[in-house]
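Encoded as structure tokens, the structure appears first; notes follow it.
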Amino acid sequence: MVAAKPEPDFTKKKEMVHSPLLTYFSVITLLSTCPPFVILLWYTMVHQDGSILNTFNFLKENGIEGFVNIWPRPTAIAWKIIACYALFEAALQLWLPGKRVEGPISPTGNKPVYKANGVLAYVVTLVTYIGLWWFGIFNPTVVYDHLGEIYSALIFGSLIFCVFLYIKGHVAPSSTDSGSSGNIIFDFYWGMELYPRIGKNFDIKVFTNCRFGMMSWAVLAVTYCIKQYETNGKVSDSMLVNTVLMLVYITKFFWWEAGYWNTMDIAHDRAGFYICWGCLVWVPSIYTSPGMYLVNHPVNLGPQLAISILIAGILCIYINYDCDRQRQEFRRTNGKSLVWGKAPSKIVASYTTTKGETKTSLLLTSGWWGLARHFHYVPEIMSAFFWTVPALFDNCLPYFYVAFLTILLLDRAKRDDDRCRSKYGKYWKTYCTKVPYRVIPGIY
């Protein structure tokens with residue numbers, strides 16, 4: 001961290017976007033239901049042909065005892081796989097070379113410093129993983145065959161890790177960007193620290209969000225592909241489309257990783273259950289679930305449909321990338337970049353910091369950002385749809401991730417709007433008049 005003049009966007013306590021009662025209910029519900037849901041989704045995908053009805057009938061017949069019996073116990077091999085993967089990614093994060101990148105100024109005036117080596121870590125991870133399989137050193141089907149045990153271990157291990165983050169936030173925060181809301185449940189769920197680190201250089205959120213969570217998405221996508229190949233002697237075109245689109249999206253993520261460090265996940269949301277448990281458990285289980293389903297349910301799309309879905313998905317991923325690139329370039333050049341070949345339309349917004357200083361920000365109102373205030377969420381949701389639709393429509397469960405992502409991003413859009421309204425006041429009102437739609441142009 002380096003000290004800088006603060007440009008705080010957020011108060012020390014976590015602001016409630018919704019009513020207190022709804023917030024309490026939501027937090028308690030998510031804390032209690034997300035862990036068992038991960039197991040139920042895995043069990044349904046792998047052992048009940050993706051049929052929610054089959055799982056429902058099983059639980060109806062066997063009750064709580066049946067649910068306890070289907071919950072895999074963490075095994076030694078599951079812990080070994082997780083430990084080897086985590087240590088490998090941590091080593092890459094620390095030791096691979098990378099450009100020095102500064103994040104946005106924090107609410108208390110700190111400027112986080114990162115080493116941007118995500119692309120290199122991504123390439124090394126996939127080459128190593130595929131190489132271990134190719135040369136017969138390690139078979140990725142072992143990961144799939146022990147997937148339930150791995151998820152179970154991740155659930156419990158990540159809960160313990162979140163307890164560690166809660167205690168660390170109280171007794172040994174890494175910076176002044178930390179503090180308690182006064183509510184133990186909210187502190188555990190939302191987190192205590194904005195930028196927790198182990199030592200000087202190991203950033204915990206970069207590890208949980210990027211190097212463990214997003215990287216595991218790519219690793220599992222490849223795993224499912226290899227499992228289907230070793231089971232059936234070939235890879236279906238539906239699995240290929242699913243895997244290629246996911247890998248293109250994740251490649252885009254790591255290419256743009258330094259930009260991600262300026263988003264709400266890193267620059268606003270603290271390290272707690274919501275972010276860290278979500279990235280350690282929810283991402284490798286829920287985000288990868290369409291591929292998990294396709295392992296045992298290959299679909300023959302045919303060349304024309306497969307290529308059409310692939311092209312549509314890649315186009316959506318590109319638009320999502322270009323939205324972020326456009327805004328990032330606009331900020332980097334202080335509003336002097338061209339947007340779609342023209343000078344950008346913008347609003348110069350003033351705001352007052354907690355120290356009483358007056359600062360200014362530029363709000364882009366043209367290009368993709370003139371269509372809607374959070375238009376970039378539209379191609380992101382559509383990308384998820386296109387890497388899921390190769391499963392077709394025999395079962396609806398593969399589309400859970402698309403539904404979840406839609407709810408997540410709409411809620412995030414509201415949270416961001418409320419935060420900006422509080423920060424910019426009348427300027428945000430002017431911005432909303434000029435860009436009236438929140439996410440979907442002409443609709444919402």
Side-chain angles (χ1 to χ4, degrees), residues 1-3 79-104 106 110-132 137-138 143 150 153-154 157-158 160-169 171-178 191-220 222 250-263 265-267 269-272 275-281 283-284:
M1 294 276 186
V2 295
W79 287 115
K80 287 178 183 177
I81 290 171
I82 294 169
C84 289
Y85 169 71
L87 289 172
F88 183 74
E89 293 304 328
L92 296 183
Q93 181 178 332
L94 283 172
W95 296 335
L96 285 180
K99 181 181 177 182
R100 183 181 186 273
V101 175
E102 293 184 352
S106 74
N110 298 308
K111 183 176 286 189
V113 178
Y114 304 99
K115 183 165 61 172
N117 58 9
V119 172
L120 187 55
Y122 177 61
V123 172
V124 169
T125 297
L126 290 187
V127 169
T128 301
Y129 192 60
I130 295 172
L132 290 173
I137 300 171
F138 176 78
V143 175
I150 291 171
L154 281 175
S158 299
I160 294 171
F161 182 70
C162 289
V163 172
F164 159 76
L165 291 176
Y166 173 79
I167 296 172
K168 180 184 180 302
V171 302
S174 299
S175 73
T176 51
D177 291 296
S178 62
M192 297 284 293
E193 295 186 77
L194 186 60
Y195 296 117
R197 295 196 171 191
I198 297 175
K200 183 180 178 181
N201 298 317
F202 190 75
D203 189 285
I204 289 175
K205 282 170 72 178
V206 170
F207 176 74
T208 59
N209 295 27
C210 306
R211 306 312 165 80
F212 194 101
M214 291 299 294
M215 201 75 76
S216 69
W217 188 354
V219 168
L220 286 173
V222 172
I250 299 163
T251 302
K252 183 270 299 184
F253 172 86
F254 283 108
W255 181 264
W256 175 76
E257 186 181 44
Y260 174 69
W261 295 333
N262 291 275
T263 66
D265 285 356
I266 301 295
D269 291 329
R270 297 184 177 192
I275 282 291
C276 293
W277 190 93
C279 289
L280 293 171
V281 183
V283 170

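Keep in mind that what you see is a predicted model, and the values were worked out from it rather than measured.
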Does [Y] offer a backbone N or O that forms a donor-acceptor pair with the side chain of [X] under 3.5 Å?
X    : Y    : result
Q93  : D203 : yes
T208 : C276 : no
D177 : S106 : no
K205 : D265 : yes
Y85  : F212 : yes
E102 : K111 : no

So if I apply the side-chain contact (heavy atoms from CB on, under 4.5 Å) rule between D269 and each of I275, N209, T263, which one comes out positive?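 With D269 as partner, side-chain contact (heavy atoms from CB on, under 4.5 Å) holds for just one option, I275.
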Out of V219, V222, I150, which residue meets the side-chain contact (heavy atoms from CB on, under 4.5 Å) rule with V143?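 That would be I150; it is the only one of V219, V222, I150 passing the side-chain contact (heavy atoms from CB on, under 4.5 Å) with V143.
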Side chain proximity check, [X] to [Y], heavy atoms < 4.5 angstrom:
X    : Y    : value
S216 : E89  : no
R100 : V113 : yes
E193 : S174 : yes
P196 : R270 : no
L194 : S175 : no

Where do W261 and V206 land on the side chain to side chain contact (heavy atoms under 4.5 Å, CB included) test, with the steps shown first? CA-CA 8 Å; W261 295 333; V206 170; 3.6 Å; yes
Salt bridge (charged side-chain N to carboxylate O under 4.0 Å, His left out) with K115: which residues, sequence neighbours excluded?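 Checked K115 against salt bridge (charged side-chain N to carboxylate O under 4.0 Å, His left out); zero matches.
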Side chain to side chain contact (heavy atoms under 4.5 Å, CB included) between F88 and T128: does it pass, once the steps are laid out? CA-CA 10 Å; F88 183 74; T128 301; 3.9 Å; yes
Return the minimal non-hydrogen interatomic distance between [X] and [Y], and the atom names on each side.
X    : Y    : answer
Y122 : A218 : CE1-CB, 3.7 Å
F207 : A90  : CE1-N, 3.8 Å
M192 : G169 : CB-CA, 3.7 Å
N262 : G103 : OD1-C, 4.4 Å
A116 : V101 : CB-CG2, 3.7 Å
E257 : C210 : OE2-CB, 3.2 Å

Using side chain to side chain contact (heavy atoms under 4.5 Å, CB included), reason through N117 and R211 one step at a time and then give a plain yes or no. CA-CA 10 Å; N117 58 9; R211 306 312 165 80; 2.9 Å; yes
[atom1]/[X] to [atom2]/[Y] distance, rounded to the nearest 0.5 angstrom?
X    : Y    : atom1 : atom2 : result
W217 : C279 : CH2   : SG    : 11.0 Å
W277 : L154 : CH2   : CG    : 9.5 Å
I82  : L87  : CD1   : CG    : 11.5 Å
F253 : Y260 : CZ    : OH    : 5.0 Å

Would you call the rings of Y195 and Y114 parallel, tilted or perpendicular, taking 30° and 60° as the class edges?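 Ring orientation, 0 to 90° scale: perpendicular.
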CA sep, side-chain torsions, deciding dist, call: Y129, F138, side chain to side chain contact (heavy atoms under 4.5 Å, CB included): CA-CA 8 Å; Y129 192 60; F138 176 78; 4.1 Å; yes
